[in-house]
Amino acid sequence: MKRWVLWFLLAPQTWLLGGVWRDAGLPPFEVGVLACLHLAFFAERAAVPWLLLGMAIGRCLVDEATLPLHLLVLGIPVAVLLPLRTLFFGQRLVWQVLAALLCAIAIPRLSALLGQMFDQPSSAELLEPAVVAWSAVLAPLLLLLLRRLPPWAAFEEVR
Amino acid sequence: MRKKPTAFPVGLYGMLLFALCWLVLPTIFAPLERILVGGVCVVVRGVASLAGTPAEAASSDNAAESQLRQSLAARVHARALPDPAAAWITGLEPVHCAVVDVGKRLGGGGAPCELLLDHTYAELAGCRQLVTKGGALVGWLQRPGSGAAADDTSTDFARVVLPNHPLAPAMHAEATLAVGDPLRLVVRAALTADPAPLRVVLWDDPWRAARLEQAGAPVRTTVGATGGVVPAGLLLGATRIWGYPGVAGQAPLTLGVYVTPAVVPRALSHVVLWRAANSGAFGLDDVPARAVARYPGVLQELPGASHGRHLLITAANVVSGAAVVQRDQLLGVVRPLAFGSALMTSFAASRQPWNLLLLSDDEAQGPIEVQAVVVAADANQVHVRVVASVEAAAEALQLPQRTAGTLFTGSNGIHCPAGLQIGRYVVDPDDGAAIFVTVPVLSGSQTVEVLAAEGGS
């Protein structure tokens, strides 16, 4: 129970920390990539839907689209990558970088597509090459650190 | 490699399916979203409370601001009225109303075909059906309980049916051609799949009509239209020819003639209704602009505020889409959350379409009513692209070059009324359909007010 309380209180703040990171002049990256990588490759499989909910709530803090739209924007890449976990078990860094690259492209594209479909334009629709590149590089490295911290560590899949 | 027995993530797919249902039925699940996001904001609120005392609005020149607002109101009203020499306005006086919503229903040409005004049917009881904008016909005010307003009651916001509504009456009109006598015609709503909102269904001279080569001829109403509901001389729009152009000396083949309306409804902020002058039913001031209540609140800066999102703390029950202002300066619009907080999206960060009023510094120019979207923002500079103006759709849109002025909100719903100042604007020298707007930068805690229209919902 404690890990869930911590997750729903702290994990959404990751999005705000991402903004602080950018404001500090550090290389910009998409926090959604971090969330998708964690949920698709490292999180406890049974917990993924609820972990996704926590991350989608966090995205509501920084983007004007509604919660269900964020669930879809983050959830669709996870739904595609999660079955691949059986193939890429062990998660070499190269696979993570490749997956992060795909997520960094997919997230703004999905935001634009779903936003147009459901009349909920989003500020995250713009596909910036620098953000894509930095997300591919930084997300796996930052995830390496985050997975050792609570509440992320509490949901690491036990093998 | 170890294979897991459950490769198929049923729970995740269930969550995505639930999200889809949520998007289709948003009102049912809205309280859930408020609680979930509001709960997370409790942490942010706790951190933000350490930020210190909220700052008051900076003092400014009240007289200048007041003069600017008066100028806006006067120029908006002047722009909305027809030529004073028009014969049909004799014995009538105007009632200015704001448009609070463009109906979801699509009419001819796939365009919206209904408007909702900021007054109820009861408040507009003495008005005629005719609704105009400048010298152009906008539509017809409905009566509650009949026609398109069959489900409405007298306390609902008044509904206006546009000429492209399936229930709108056919109109007698004439097209003024460059050569020869005007062509008389009958116009009515086109089908949703048609290329323009109105379609010409009858001509007095089909032979000439079939040989029309140039589009854009102005179409005006004529006497006898719709049993006297529409007077003669009102601009309906311009002709649009659908067919094949003439090639190698052959005559063009016209398949149909349509009329593109003179008024683009989605960019409308104000319209004019008409009632008998000195009718005794009520005086000029009996239909004032809808009263707006102001509730105090504190705006807290969210960390990573480059996103343009702010936490609003208020004891009032704020409504989604309500404007947040500091004095009469628009800061953004809110989405309410549970536990006494709300999230505000600043104008610069919002990607929703906005109805705006461009008030040029040149007093000879009338205000321009437009619909626009923010495409980019950098610090206090916002790049705004105009997607439609009341007089012109996007393809023909061109703002007056090298003009500057003050940008105000148009009518963006009942809780975000027209006339709130946004900032100074200049027309983009490289793009006649875009403007650069300078908006105030918010930092730290601020005391603000949230608007809520009284009697609105």
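Order of the sequence lines sets the chain letters (A, B, ...), proteins ahead of strands, with each chain counted from 1.
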Inset, instruction - Assess whether atom CG of B:Asn380 is packed by more than 12 heavy atoms of other residues, nucleotides or ligands within 6.0 Å. - result: yes
Legend entry - Nearest heavy atoms of B:Leu12 and A:Gly75, plus distance in Å: CD2-O, 4.3 Å
Legend entry - Straight-line distance of B:Leu36 CG to A:Leu67 CG, nearest 0.5 Å: 6.5 Å
Legend entry - CD (B:Gln381) with more than 12 external heavy atoms under 6.0 Å: yes
Inset, instruction - Name the option with the most non-hydrogen atom pairs under 4.5 Å to chain A; the candidates are B:Pro26, B:Ala30, B:Ala19. - result: B:Ala19
Inset, instruction - Determine whether more than 12 heavy atoms belonging to other residues, nucleotides or ligands lie under 6.0 Å from atom CH2 of A:Trp50. - result: no
Legend entry - Beyond-backbone contact of A:Val48 with B:Pro9, side-chain heavy atoms, under 4.5 angstrom: no
Legend entry - chain B contact via A:Leu52 - side chain, backbone, both or neither, heavy atoms under 4.5 Å: side chain
Inset, instruction - Drop me the distance from A:Leu82's CG to B:Tyr13's OH, to the nearest 0.5 angstrom. - result: 7.5 Å
Inset, instruction - To the nearest 0.5 Å, tell me how far B:Phe29 CZ sits from A:Thr66 OG1. - result: 12.0 Å
Inset, instruction - Would you please test B:Leu302 and A:Val62 for side chain to side chain contact (heavy atoms under 4.5 Å, CB included) and show each step? - result: CA-CA 9 Å; B:Leu302 283 176; A:Val62 296; over 6 Å; no
Inset, instruction - Nearest 0.5 Å please: distance from the CD atom of A:Gln120 over to the CZ atom of B:Arg351. - result: 15.5 Å
Legend entry - Minimum-distance pair of heavy atoms, taken over all atoms of B:Met15 and A:Pro49: CE-O, 3.3 Å
Legend entry - A:Trp134, CH2: over 12 other non-hydrogen atoms inside 6.0 angstrom: no
Legend entry - Pairwise distance CD1(B:Ile35) to CD1(A:Ile57) - rounded to 0.5 angstrom: 11.0 Å
Legend entry - Side-chain heavy atoms of A:Pro121 within contact of B:Gln352, under 4.5 Å: yes
Inset, instruction - Report the option among B:Pro353, B:Cys41, B:Gly14, B:Ser350 that has the most heavy-atom pairs separated by less than 4.5 Å from atoms of chain A. - result: B:Ser350
Inset, instruction - Might you point out which heavy atoms bring A:Asp63 and B:Arg309 nearest each other, and give the distance in Å? - result: O-NH2, 3.2 Å
Legend entry - Choice from B:Leu337, B:Leu16, B:Val10 maximising heavy atom contacts with chain A below 4.5 Å: B:Leu16
Inset, instruction - Work out which heavy atom in B:Leu343 is nearest to a heavy atom in A:Cys60; give both atom names and the distance. - result: CD1-O, 3.7 Å
Legend entry - Any A:Phe8 side-chain heavy atom under 4.5 Å of B:Val43 side chain: no
Inset, instruction - Check whether A:Ala56 gets within reach of chain B through its side chain, its backbone, both or neither, counting any heavy atom under 4.5 Å. - result: neither
Inset, instruction - Select one option (side chain, backbone, both, neither) describing which atoms of B:Cys21 are under 4.5 Å from chain A's heavy atoms. - result: neither
Inset, instruction - Provide the closest heavy-atom pair for B:Thr345 versus A:Glu64 in the form atom of the first, atom of the second, distance. - result: OG1-CB, 3.7 Å
Legend entry - Taking every non-hydrogen atom, the tightest pair across A:Pro12 and B:Val40: CB-CG1, 3.6 Å
Legend entry - Note, B:Leu23 side chain near A:Leu114 side chain (heavy atom, < 4.5 Å): no
